[in-house]
Amino acid sequence: MTALRLYNTLTRTKEDFVPIDPQNVRMYVCGPTVYDYAHIGNARPAIVFDVLFRLLRHVYGPDHVTYVRNITDIDDKINARALERRGTRNVPILDVVRELTEETYGVYRDDVTALGCLQPSAMPRATENIAPMIAMTKTLIDNGHAYEASGHVLFDVSSKADYGKLSRRSTDDMIAGARVDVAPYKKNPMDFVLWKPSDANTPGWDSPWGRGRPGWHLECSAMIQSTFTGTDTIDIHGGGIDLVFPHHENEIAQSEGAHHEHPLAKVWMHNGFLNVEGEKMSKSLGNFVTINELLADWPGDVLRFNMLRSHYRQPMDWTVAGMRESWNTLEKWYDIVEPIPGTDVGEDLLAALADDLNTPLAIAELHKSRPEELAGGLALLGFSVKPEALKSKKAVDTAAIERAIEARLAARKAKDFKESDRIRDELLAQGIVLKDSPQGTTWEVKK
RNA sequence: GGCCUCGUGGCGGAGUGGUGACGCAGCGGAUUGCAAAUCCGUGAACCCCGGUUCAAUUCCGGGCGAGGCCUCCA
């Protein structure tokens, strides 16, 4: 069996991966907050952890891996959008939330499917896991890890001696560096909310502390508990590096506090950030790219390949030039692989992936591979390996192009090269590139 | 201020205490009416300063530079 090594944020080292139960390897990844279309940065964890999911399935067997990615549908940004969306309609706010999140999630699901991501084993929603959240909050109060204050329930950070172990901060440092206004009802500035009150226009559920809603961090802890039954500790917990603090730190505090200090996860994995053309992506810079709009111009396979050219922990720069290069590489490979239904997975490729998901090295190995291994490797990495999947999505007038090619052929036969070159240039100006071969002339849309 | 990453050829991007991955671009050749595509071949790098070592891009220390987190964020 291939031995996996994974970088663990908790220890800041690469470790041999030893599953708690090889018959059921458990992985949880923080999923999208479904208030708007997902952007290209959101695609990174979806793709990275999909590759890990596929690798784990390859190593331990497809039926022996459980991959859970939640849907965060309780969130103040969602609430604000829902309120706008409701307008003057007389419907419960929770129904509007559901409407909005169903719609947004549907787009997300279609987007990541187009990126070649397998459906996770389970996708729990926060709104469907309120009872476990309330139960966990009660447990934390009973354990002395949480307290009620002004309608809120807060986690008492001072009750957890090792708080800060994932992000490696001491609470003193955090307080010194804090740039947030501290709510007056907090005992300690770092205490975070488990449960907060909701007004009539905000989704809320009845609880022992009144009508309210869970804090964001609690949602994940409770969903992990209710989805992975029969264990307190899962094998892998993943997400973006920005979630290390406070989100994952707080998840650890909650789950361990509620589960007799049993670790929440053995391995914590975090993907690096993504920039667009050398700049941080932001709405104000105007370089905010959604997966959805990208898929209108680029094949999903190309997006996926482009993403995997960088190691998941490295910051990556998303560029159009890189996308073009990715497209060309895949086209070349799909031509080689098309007639070969290979399922071989090369040793070197597997070794690269097994070494903390070294996809750039894996891609280098593919370049050296025999066609059978290339086919198998691409399939393992989640590529469609269908040439038609790489066709440009730009609309073109095929009939007109065919006519122009015929005309050019006639001109060439008549040795009227001035005319034949004119036709070729004209097509090129329209973005159509011609390729002459002994078998005839073919064309493609310029990238 | 605190914590943490990173700095490899024109570009992307691995890796290693000693034989300079891999891809793209470039260059040379084949092919072509000329191109494109394709095929063959090929030059080029390890931020700076110390230290350890027979030997450092690779280890250690310092410097400079870039970035992230500390607030919602993948």
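Chain naming here is simple, since letters A, B, ... match the order of the sequence lines and numbering starts at 1 in each.
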Rounded to whole Å, please give me the gap between CZ in A:Phe192 and P in B:C72. 12 Å
Side chain of A:Arg169 only, heavy atoms from C-beta on: which candidate in B:A21, B:C72, B:G2 is closest? B:G2
With a 4.0 Å heavy-atom cut-off, tell me which residues in residues 267-276 of chain A come close to RNA chain B, sorted by residue number. A:Asn271, A:Gly272, A:Phe273, A:Leu274
Measuring from the side chain of A:Phe245 (C-beta onward, heavy atoms only), which nucleotide among B:A74, B:C3, B:C70 has the closest atom? B:C70
For the ring pair A:Trp333 and A:His367, is the centre-to-centre distance below 6.0 Å? yes
Relative to each other, are the rings of A:His145 and A:Phe155 parallel, tilted or perpendicular (30° and 60° limits)? parallel
By the definition side-chain contact (heavy atoms from CB on, under 4.5 Å), identify the one residue from A:Val68, A:Ile71, A:Ile224 that meets it with A:Pro124. A:Val68
Sequence neighbours left out, what passes ring-ring contact (aromatic ring centres under 6.0 Å, His included) with A:Phe53? Give chain and number order. A:Tyr67
Within residues 390-428 of chain A or reaching into it, pairs that qualify as ring pair (Phe, Tyr, Trp, His ring centres under 6.0 Å) - sequence neighbours excluded: none
For nucleotides 28-42 of chain B, just jot down a letter per nucleotide in 5' to 3' order: B, S or -, based on protein non-hydrogen atoms under 4.0 Å. -----BBBBSS----
Atom pairs, protein N/O to nucleotides 11-14 of chain B N/O, distance under 3.5 Å:
unit_1: B:G13; atom_1: OP1; unit_2: A:Ser310; atom_2: OG; d: 3.4
unit_1: B:A14; atom_1: OP1; unit_2: A:His311; atom_2: N; d: 3.4
unit_1: B:A14; atom_1: O3'; unit_2: A:Asn358; atom_2: ND2; d: 3.0

Within 45° of the six-membered ring axis of A:Tyr312 and under 6.0 Å from that ring's centre, is NZ or CZ of A:Arg44 located there? no
Can you label the angle between the A:His237 ring and the A:Trp268 ring as parallel, tilted or perpendicular, going by 30° and 60°? parallel
Is A:Gly239 touching bases, backbone alone, or none of the nucleic acid, heavy atoms closer than 4.0 Å? sugar-phosphate
Secondary structure of RNA chain B in dot-bracket form (Watson-Crick or G-U wobble, distances below 3.5 Å, | marking inter-strand pairs): (((((((..(((.....[...))).(((((.......)))))....(((((..]....))))))))))))....
